[in-house]
Number of protein chains: 2
Amino acid sequence: MDLGGSGEELVAALAQLVRFVRQVSTAGGLSTAASSLLNRLSREGPQRLTELARADGVSQPAMTQMVTRMEREGLVRRTSSTDDRRGVLVGVTDAGVDLVGRRRAEQAEALQALIARLDPDEQKAVVTALPALARAIEAQTSA
Amino acid sequence: MDLGGSGEELVAALAQLVRFVRQVSTAGGLSTAASSLLNRLSREGPQRLTELARADGVSQPAMTQMVTRMEREGLVRRTSSTDDRRGVLVGVTDAGVDLVGRRRAEQAEALQALIARLDPDEQKAVVTALPALARAIEAQTSA
DNA sequence: TATTGTTATACTCTATAACTATA
DNA sequence: TATAGTTATAGAGTATAACAATA
């Protein structure tokens, strides 16, 4: 398929979309990185620190510090692993679950407001395109 | 239009897309913030520091430091404004222009590889949806 | 010896407050 | 007095290297 200008217009559009999400995401006082961790934990349950670092593509010390900061804020909790005494299980607290829910609602609302400005055809394209791209990323990443 | 689940599936897809772009964008050793500045300067020409800070939604000191770091790396250049001696004009260097071009090509290639995995209908949807969303953001931001 | 996690250190990116120089 | 920019300081988020504890 011809993407026109080597897809550079699409890259520019995507960059703008990224900036938009970042601005919306910041509302609620949670960074992209913290948000990503909290979302993963509330979606997949408690996990090992090493596993979280690998999943986020971040170093182990970086994840240690992120968990420490978020534990200080009462959003996650460390539990010692029962079977391997070296290990640590990180889980989300009730406050963390609450925050995830509130942020998800905020973001969905912002995206809906954006989509509401589009023509019906464009709206349909968005509903098709976004999940399709997400699936493609998943397929490419696991390959 | 019904977005299904209050658009939360779309938000999740968008988050994944954001993560993907961030990873691709990092290749080349330039952060999102630095990349944004370099792109703006090479797109719109030399600008005042205050103007750049406002355009990126960032504080004036943050932009001062960003420009200082990038000047140290030879990507941008400060010039004293002729008409207002308080002012500073920030412009991109030849090395900066080169880097912008290389990164744009890399990103376009990554996005094309992703799109190539999609069905023709989905590909068409992406080409429609991304620019449409970018336009909506522009319209909303300037409103 | 290998793995899990932490600590030490350093860099980028961000903010607010205080300051200098020009208008 | 107001505006443009910088400096001072602090915090989040990141990395690599060195370390402790467990396997």
Side-chain angles (χ1 to χ4, degrees), chain A residues 18-19 22-41 46-91 99 103, chain B residues 18-19 22-41 46-91 99 103:
Chain A
V18 169
R19 280 195 296 277
R22 235 190 339 164
Q23 285 179 356
V24 171
S25 276
T26 304
L30 216 55
S31 73
T32 312
S35 170
S36 170
L37 173 58
L38 214 51
N39 271 301
R40 184 181 309 279
L41 287 180
Q47 283 172 71
R48 294 288 282 269
L49 203 141
T50 300
E51 170 62 24
L52 292 171
R54 203 175 48 71
D56 256 16
V58 107
S59 72
Q60 211 173 53
M63 187 52 73
T64 288
Q65 293 183 33
M66 174 65 72
V67 168
T68 300
R69 279 191 297 271
M70 294 179 71
E71 198 171 33
R72 193 199 309 154
E73 290 166 21
L75 299 173
V76 305
R77 185 188 300 121
R78 276 185 174 89
T79 316
S80 28
S81 178
T82 45
D83 49 329
D84 184 339
R85 291 208 323 239
R86 294 171 304 182
V88 166
L89 269 185
V90 182
L99 186 52
R103 286 175 58 81
Chain B
V18 169
R19 279 195 297 275
R22 234 193 335 167
Q23 284 179 355
V24 172
S25 277
T26 304
L30 216 55
S31 71
T32 312
S35 170
S36 171
L37 173 58
L38 213 52
N39 271 301
R40 184 182 309 279
L41 287 179
Q47 283 173 70
R48 294 288 282 269
L49 203 141
T50 300
E51 171 62 23
L52 292 171
R54 203 175 47 71
D56 257 15
V58 107
S59 72
Q60 210 174 55
M63 187 51 72
T64 288
Q65 293 184 33
M66 175 65 72
V67 169
T68 300
R69 278 191 299 269
M70 294 180 71
E71 198 172 32
R72 192 199 312 155
E73 290 166 21
L75 300 173
V76 305
R77 186 188 299 120
R78 277 185 173 88
T79 317
S80 27
S81 179
T82 45
D83 49 329
D84 184 340
R85 290 208 322 241
R86 294 171 303 180
V88 166
L89 269 184
V90 182
L99 186 52
R103 285 175 58 81

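Only a predicted model underlies this, so the values are computations on that prediction, with no experimental measurement involved. Every chain is numbered from 1, with letters handed out A, B, ... down the list of sequences.
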Roughly how far apart are B:T50 OG1 and B:M63 CE, rounded to 0.5 Å?
10.0 Å
Quick one: CG on B:L49 to CE on B:M66, what's the gap to the nearest 0.5 Å?
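Atom-to-atom, B:L49:CG and B:M66:CE are 11.5 Å apart.
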Which whole-number value in Å describes the distance from [X] [atom1] to [N] [atom2]?
X     : N      : atom1 : atom2 : value
A:L30 : D:dG11 : CG    : P     : 19 Å
A:L38 : D:dG13 : CG    : P     : 12 Å
A:R54 : C:dT3  : CZ    : P     : 14 Å
A:D56 : D:dT14 : CG    : P     : 8 Å
A:Q65 : D:dA15 : CD    : C1'   : 10 Å
A:L37 : D:dG13 : CG    : P     : 10 Å
B:R69 : C:dA10 : CZ    : P     : 18 Å
B:R86 : D:dA4  : CZ    : C1'   : 6 Å

Checking D:dT7, C:dG5, C:dC13 against the side chain of A:Q60 (C-beta onward), the nearest is C:dG5
Identify which nucleotide among C:dA23, C:dT6, C:dT14 has an atom closest to any side-chain atom of A:P61, counting heavy atoms from C-beta outward.
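The listed nucleotide nearest to A:P61's side chain is C:dT6.
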At their closest point, which heavy atom of A:L38 faces which heavy atom of A:V76, and how far apart are they?
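Closest heavy-atom pair between A:L38 and A:V76: CD1-CG1, 3.9 Å.
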For the student: nearest non-hydrogen atoms of A:R78 and A:V88, plus distance:
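Closest approach of A:R78 to A:V88, heavy atoms only: CG-CG1, 3.7 Å.
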Can you tell me if the side-chain N/O atoms of [X] get under 4.0 Å from OP1 or OP2 in [N]?
X     : N      : value
B:R72 : C:dC11 : no
B:T64 : D:dT6  : yes
B:S59 : C:dA15 : yes

For A:T68 and A:D84, take the nucleotide of DNA chain C holding the closest heavy atom to each; which residue's nucleotide lies nearer the 5' end?
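Its nucleotide being nearer the 5' end, the pick is A:D84.
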Identify, between A:G57 and B:L89, the residue whose nearest nucleotide on DNA chain D lies closer to the 5' end.
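Final value for this comparison: B:L89.
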So what does [X] touch, heavy atoms closer than 4.0 Å: a base, only the sugar-phosphate, or nothing?
X     : result
B:M66 : sugar-phosphate
B:R48 : sugar-phosphate
B:T50 : sugar-phosphate

At less than 3.5 Å, do the side-chain atoms of B:R85 and the base atoms of C:dT22 form a donor-acceptor pair?
no
Under the salt bridge (Lys or Arg N to Asp or Glu O under 4.0 Å) test, which residues partner A:R54, sequence neighbours left out?
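With sequence neighbours excluded, A:R54 shows a salt bridge (Lys or Arg N to Asp or Glu O under 4.0 Å) to A:E51, given in chain and number order.
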